[in-house]
2 protein chains.
Amino acid sequence: MADEQAKEVQARSVGTEAREQAPGSRDEILRAAMTLFANRGFHETSMSEVAREARVSKALIFWHFKTKEELFIAVLNRLLEPYFIDFAEELSALDEREQILRLVEMYLLFVRDNANSVRFFLAQLLHDEHRGESGLGSQVMQLYEGYRGLLTSLIAQAQQRGLCVHGYSSEGAAAFLLSALNGFLIEFLFMGRPALDPQHALAMVREWLFGETKQGNPDGGQAVA
Amino acid sequence: MADEQAKEVQARSVGTEAREQAPGSRDEILRAAMTLFANRGFHETSMSEVAREARVSKALIFWHFKTKEELFIAVLNRLLEPYFIDFAEELSALDEREQILRLVEMYLLFVRDNANSVRFFLAQLLHDEHRGESGLGSQVMQLYEGYRGLLTSLIAQAQQRGLCVHGYSSEGAAAFLLSALNGFLIEFLFMGRPALDPQHALAMVREWLFGETKQGNPDGGQAVA
DNA sequence: CTCTCTATTGACCGCATGGTTAGGGAATTG
DNA sequence: CAATTCCCTAACCATGCGGTCAATAGAGAG
């Protein structure tokens with residue numbers, strides 16, 4: 001209950017037109033909505049709940065955001081931010097083999113560290129028919145295809161240099177690799193148990209793609225029977 | 001539109017107590033609810049919609065099913081039926097290598113043919129926290145773990161007989177294989193494009209697991225570069 | 001014909017929801 | 001100070017929801 005009433009002077013500085021960066025109620029609302037939407041979904045979250053969670057009147061939410069949908073897409077965009085990573089800078093210095101492995105690792109680590117929002121977007125994509133249409137689906141697909149394209153071209157280069165021993169087409173290999181990664185993702189998201197930690201997964205990918213066998217212990221973790 | 005009004009005499013035969021098998025309104029309601037729940041989810045589907053879709057009064061639904069939740073779990077159970085397949089009979093006659101491949105193929109074909117319900121269960125598992133608890137989650141997990149266990153033991157046998165060239169632990173190999181399969185599933189469910197048809201996927205699995213290269217054309221479909 | 005049991009309905013209820021409105025207080029501006 | 005603008009609220013409204021109820025039709029049993 002503790003209605004601590006932290007009024008928080010709310011940093012004017014509005015000055016000329018810099019109406020960004022007001023750490024006031026708007027952000028509080030966004031944060032509340034983010035958690036609620038993520039944990040319960042859109043229809044299962046009421047505006048009153050958001051209001052309560054943000055310690056703000058419901059009407060204020062409708063002052064900041066015209067409708068519930070508008071609040072929702074605002075939350076979407078904010079959640080989407082960390083998905084835009086600049087691969088180029090980090091990869092440019094490595095050779096193809098290392099680039100591929102780093103790319104894979106980044107995928108795995110990202111999923112591990114952003115499990116909540118990944119789960120959220122997955123659920124969103126699943127039952128909105130917005131797939132294909134302009135909207136969330138297209139944005140996510142764009143990111144995904146970008147990643148796949150990068151992976152494909154890297155594999156093609158590696159194949160040309162003979163680093164990559166397999167006889168697949170680069171597209172086929174990339175598709176298979178991505179499938180494996182998505183499989184890790186599912187396993188990670190659904191069974192809380194991280195049956196395959198990123199490092200182990202990465203090792204298996206390395207062996208599959210480059211024929212390298214991790215020297216030392218080849219056991220994976222869940223050796224049970 | 002065509003409200004064909006197929007009244008369908010509705011087959012009494014109630015006789016003594018066989019109250020199963022009445023292809024009447026109850027089934028119509030279940031069918032309507034199935035599609036609606038699958039396409040929109042639980043909270044987004046109203047009982048009035050179900051009633052309209054089933055061409056039945058709302059009150060009748062509440063006569064057949066006490067609450068909305070009860071209708072929902074009835075739908076769940078009906079959707080879950082095709083998931084119970086008896087692997088044993090079909091696999092017993094083959095050697096390990098063929099058993100594994102057949103198992104994989106069954107997985108892929110099943111996902112392809114039951115995409116809708118798979119999508120539905122996935123969505124359900126995603127944002128209900130019922131994961132782990134008794135309920136849908138546990139049932140699905142049980143099926144999944146059964147499949148994984150079967151796969152693991154088969155791979156172990158194949159490894160003992162030297163059919164399986166890789167140095168993974170059987171658990172690790174099964175986990176990797178399942179991840180790849182789940183990846184196919186994701187790719188298939190989300191991008192409508194079947195970037196990897198079951199046959200192609202199966203071929204890649206075969207090559208990975210047994211080192212066999214499909215004799216003849218090694219292209220899978222999207223051979224481009 | 002009447003009694004009963006199953007199947008079905010339209011009308012209704014209380015409630016929570018998304019959204020609105022009228023207004024109040026504080027700061028900025030003239 | 002008065003006017004304006006921004007931020008914020010309590011109270012309200014219309015709608016649609018899950019769910020109930022009394023009534024009823026129809027088919028068999030006696």
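In what follows, chains carry the letters A, B, and so on, assigned in the order in which the sequence lines appear, proteins first and then strands, with residues in each chain numbered from 1.
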Using whole Å, what does the distance between atom [atom2] of nucleotide [N] and atom [atom1] of [X] come to?
{"X": "B/E44", "N": "D/dC17", "atom1": "CD", "atom2": "C1'", "value": "14 Å"}
{"X": "B/R55", "N": "C/dA7", "atom1": "CZ", "atom2": "P", "value": "19 Å"}
{"X": "B/H64", "N": "D/dG19", "atom1": "NE2", "atom2": "C1'", "value": "16 Å"}
{"X": "B/L60", "N": "C/dT9", "atom1": "CG", "atom2": "P", "value": "6 Å"}
{"X": "B/W63", "N": "D/dT24", "atom1": "CH2", "atom2": "C1'", "value": "14 Å"}
{"X": "B/L71", "N": "D/dC17", "atom1": "CG", "atom2": "P", "value": "15 Å"}
{"X": "B/K66", "N": "D/dG19", "atom1": "NZ", "atom2": "C1'", "value": "14 Å"}
{"X": "B/F72", "N": "D/dG19", "atom1": "CZ", "atom2": "P", "value": "14 Å"}

For [X], salt bridge (Lys or Arg N to Asp or Glu O under 4.0 Å) partners two or more places apart:
{"X": "B/R52", "result": "none"}
{"X": "B/E70", "result": "none"}
{"X": "A/E105", "result": "A/R102"}

What residues form a side chain to side chain contact (heavy atoms under 4.5 Å, CB included) with A/R112, not counting sequence neighbours?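 Side chain to side chain contact (heavy atoms under 4.5 Å, CB included) check on A/R112 returns A/L109, A/F188, A/P198.
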Among all residues two or more places apart in sequence or in another chain, which pass the side-chain hydrogen bond (donor to acceptor under 3.5 Å, both in side chains) test with B/Y147?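 B/Y147: no side-chain hydrogen bond (donor to acceptor under 3.5 Å, both in side chains) contacts found.
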Taking B/V75 as the fixed residue, which of B/N77, B/I73, B/L71 is the one that meets the side chain to side chain contact (heavy atoms under 4.5 Å, CB included) rule?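 The residue from B/N77, B/I73, B/L71 that satisfies side chain to side chain contact (heavy atoms under 4.5 Å, CB included) with B/V75 turns out to be B/L71.
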Between the protein and nucleotides 16-18 of chain C, list every N/O to N/O distance that falls short of 3.5 Å.
residue, atom, partner, partner atom, Å
C/dG18, OP1, A/T45, O, 3.4
C/dG18, OP1, A/K68, NZ, 2.7
C/dG18, OP2, A/M47, N, 2.7
C/dG18, N7, A/K58, NZ, 3.4

Given C/dT21, D/dC21, C/dT6, identify the nucleotide with an atom nearest to the side chain of B/A59.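 So the side chain of B/A59 is nearest to D/dC21.
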